[in-house]
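Have a look at the structure below before the remarks.
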Amino acid sequence: MSIHDKKYAERIAAQFAKYPTKRSAVMPLLYIAQEEYGWISPEAIQEVAELCNMDSTQVKSIAGFYTMYSEKPKGKYWLQVCTDLPCALRGADEFYEELKAYLEVEDGGTSRDGLFTVEHVMCLAACDKAPMLQCNFHFMENLDMDKMKAFIEEKRAEAKKHEE
Amino acid sequence: MHILLRAREIPDIHKYDVYVKNGGYKAFEKALKMKPEEVIDVVKASNLRGRGGAGFPAGVKWSFIPKNEPVKYVAVNADESETGTFKDREIMETNPHQLIEGALICAWAIQATAVYIYLRGEFWDVAHELDKRIAEAYKAGYIGENIQGTGWTCNVYTHLGAGAYICGEESALLNSLEGKLGQPRVRPPFPAQKGGGLYGEATVVNNVETLTNVPWIINNGADEFKKIGTENSAGTKIFCVSGHVQKPGNYELPMGVTLRELLYDYAGGPPEGRSFKGILPSGGSGPVIRVNDTTLDAPLSYEGMEKIGTILGSASVIVMDETVDMAWAASKIIKFFKHESCGKCAPCREGTYWLDKVLDRIMAGQGSLDDIKLIETVAKNMQGVTLCALGDFAANPVIHTVKQFPEDFAKHAKSPENSKSKKPAAKQKAAAGD
């Protein structure tokens, strides 16, 4: 397991080609590392630092500054629910409470089956389609709990099938 | 009439063929036959003002770029993170080539060597689509080496942020692009100056909506553009309407349209049986206004919003009806700014922390009337003393909401008659985990 793996070589080279400095590729490379490890692990930090000619402390500070890099392992589906003012005016707080209750988790927690990590986030620029969330960086909009329950159970069934 | 949201009339305009069939890249070809300074003059004459919030004249910004530097950049601000803003996303999803064309015209005007489009990380899908559109323009010979035989070379790249409001601030955006923490820089030097821009080179930073106007201006001329809107606010503006209206969404209208027209004629009015109470015309960062006949009849223009004590900003209109407790709304916005403060300047970092803490106390029914004075004092001490505008933005929701809706704060304060029946405000505390 490593981002030095051949399968990433082309993508990493394409990122370095975009910028006059290696350091500028730190953010795109952190995304690739997160894809490989599932989170920004110590190995991920080390590998990105080597590739970008940076100190690992500097890379860690970048990973910590931005919310889309996860500094701890998380579920297969990372559900980031917007509860900011415009979404809250359209029921996002109640939606988020119900979602947490259904998955039996606290804010930032992962469901017992290890599939879903949920947290609330700040405005995602989809205020006219609230309640909404991003699932592994893809937007899901105009949600209600019926849609969410169907989604969750579908993913649970998929995971179960995969196990068998 | 749509200059920007043309997909409303031409649904497939995001496709290269459809865009070209509808006059796409003609403005860029026209600009390439003009001298760069002539292009700047047209944009200057059009009075196009920055649509990201500050309203700075785009042509003037371009004219600051030194002519003889060998390396210069255009950075497109597609970070769109202001609470209540979702216009740049629709432009990039439905009319991406017009943004690319506008950015290329800007790049020609300042003789830039590269264009970086900085998208917020959450625009993951948008960025990947945009990469395909850029590849199409590259294949057509509008991007790359020796563009259209002019001998000028310019490349266009996307760069994804990773979740930080502050990166919409231009100097923080440049730091983030350089692989540093997204924190604002000390200015001067400004981005347009040598030493102040990307990698130390002179750089124009413009918002998506601003640049997407440019092809239309080159095609139709500055005078035609000035015929739309008001004297000081030329052109159309995309108004992002969210919150308590029947039809939330983006509405592109000539500037000068009144709030009443926007909210009733386009957004369908308040929910059945309710009335409007407060409006944030510029998202979480601008002053709130109380809804009455004077404010409803105010024109949505830079000068019109100033007259009623607020700003047009990025025109993210958050609408709240009579059911909203404005103290709760203020505390929501403070939680946003507390989370998004980059931590570099103490007044903003500490100020947002304490505002949030004291507001939580007030909302829980544990605060006193003195606490309301306290948050005003804290907020006032954050104004004008930080490197970027975030400190001021974060002070606004408190200062203006307390001023406009004092009764909504006072009702939470602990007093002999209030404290008898007071229970913690459970609903408002929801999702307040930051």
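Within every chain, numbering begins at 1; the chains are lettered A, B, ... in the order of the sequence lines, protein sequences first and strands thereafter. Keep in mind it's a predicted model, so treat the numbers as computed, not measured. The analysis underlying the following values was restricted to heavy atoms, covering all of them including side chains, and did not include hydrogens, waters or symmetry mates.
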> Can you name the closest pair of heavy atoms from B:H244 and A:L89 and give their distance?
Replying inline: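 The answer is NE2-O, 3.0 Å.
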>> If I compare all heavy atoms of A:A125 with all of B:F86, which pair ends up nearest, and what's the gap?
In response: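 Smallest heavy-atom distance, with atoms named: O-CB, 3.3 Å.
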> Does the pair B:V241 and A:D128 meet the rule for a side-chain contact (heavy atoms from CB on, under 4.5 Å), with working shown?
Replying inline: CA-CA 7 Å; B:V241 186; A:D128 54 335; over 6 Å; no
Check this for me: [X], atom [atom1], are more than 12 non-hydrogen atoms of other residues, nucleotides or ligands nearer than 6.0 Å?
| X | atom1 | result |
| --- | --- | --- |
| A:E106 | CD | no |
| A:E154 | CD | yes |
| A:H138 | NE2 | yes |
| A:E153 | CD | yes |
| A:K60 | NZ | no |
| B:Y266 | OH | no |

Which answer fits [X], side chain, backbone, both or neither, if we ask what part of it has an atom under 4.5 Å from a heavy atom of chain A?
| X | answer |
| --- | --- |
| B:T83 | both |
| B:C342 | both |
| B:L160 | both |
| B:L280 | side chain |
| B:F123 | side chain |
| B:F337 | neither |
| B:E90 | neither |
| B:T158 | both |
| B:V71 | neither |

Find the one option among [options] whose heavy-atom pairs under 4.5 Å with chain A are most numerous.
| options | value |
| --- | --- |
| B:K247, B:M320, B:R120, B:E340 | B:R120 |
| B:A114, B:G161, B:S81 | B:G161 |
| B:P248, B:G84, B:C167 | B:P248 |
| B:E80, B:E82, B:H159 | B:H159 |
| B:G243, B:C240, B:A164 | B:G243 |

>> Please check this pair: side chain of A:T67 against backbone of B:G163, looking for a donor-acceptor N/O pair closer than 3.5 Å.
In response: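 Here the side-chain-to-backbone pair exists.
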> Using non-hydrogen atoms only, which part of A:A17 is less than 4.5 Å away from chain B: side chain, backbone, both, or neither?
Replying inline: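 For A:A17, backbone heavy atoms alone lie under 4.5 Å from chain B.
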>> Are B:E122 and A:F137 packed together at the side-chain level, in the sense that at least one heavy-atom pair is separated by less than 4.5 angstrom?
In response: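 SC-SC contact between B:E122 and A:F137 ruled out.
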>> Quick check: under 4.5 Å, non-hydrogen atoms only, which of residues 18-34 of chain A neighbour chain B?
In response: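 Counting heavy atoms that sit under 4.5 Å from chain B, the residues of residues 18-34 of chain A involved are A:K18, A:Y19, A:P20, A:T21, A:R23, A:S24, A:V26, A:M27, A:P28, A:Y31.
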>> Which residues in residues 139-146 of chain A have any heavy atom closer than 4.5 Å to a heavy atom of chain B?
In response: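 The stretch touches chain B at A:F139, A:E141.
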>> Under 4.0 Å between a side-chain nitrogen and a carboxylate oxygen: does that hold for B:K332 and A:D93?
In response: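 Yes, B:K332 and A:D93 are salt-bridged.
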Compile the donor-acceptor pairs under 3.5 Å between side chains in residues 172-181 of chain B and protein atoms, sequence neighbours left out, one pair per line.
residue : atom : partner : partner atom : Å
B:N175  : OD1  : B:R185  : NE           : 2.8
B:N175  : OD1  : B:R185  : NH2          : 3.2
B:N175  : ND2  : B:Q183  : O            : 2.7
B:S176  : OG   : A:Y66   : OH           : 2.9
B:S176  : OG   : B:Y118  : OH           : 2.7
B:E178  : OE1  : B:K180  : NZ           : 2.8
B:E178  : OE1  : B:R185  : NH2          : 3.4
B:E178  : OE2  : B:R185  : NH2          : 2.8
B:E178  : OE2  : B:Y199  : N            : 2.7

> Could you walk me through whether B:Y165 and A:M122 pass the side-chain contact (heavy atoms from CB on, under 4.5 Å) check?
Replying inline: CA-CA 9 Å; B:Y165 169 78; A:M122 299 299 151; over 6 Å; no
> By side chain to side chain contact (heavy atoms under 4.5 Å, CB included), which residues pair with B:Y138, not counting sequence neighbours?
Replying inline: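 Side chain to side chain contact (heavy atoms under 4.5 Å, CB included) list for B:Y138, sorted by chain: B:I143, B:N155.
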> Taking it one step at a time, do A:T83 and B:K335 satisfy side-chain contact (heavy atoms from CB on, under 4.5 Å)?
Replying inline: CA-CA 10 Å; A:T83 56; B:K335 287 193 189 303; over 6 Å; no
> What distance do B:I318 atom CD1 and A:C87 atom SG have between them, rounded to the nearest 0.5 Å?
Replying inline: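 These two atoms lie 10.0 Å from each other.
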>> As an exercise, state the distance from CH2 of B:W124 to CD of A:Q134, rounded to the nearest 0.5 Å.
In response: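 That separation rounds to 10.5 Å.
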> Looking at A:L85, A:V59, A:V81, which one has more heavy-atom pairs under 4.5 Å with chain B than the rest?
Replying inline: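 The residue among A:L85, A:V59, A:V81 with the greatest pair count is A:L85.
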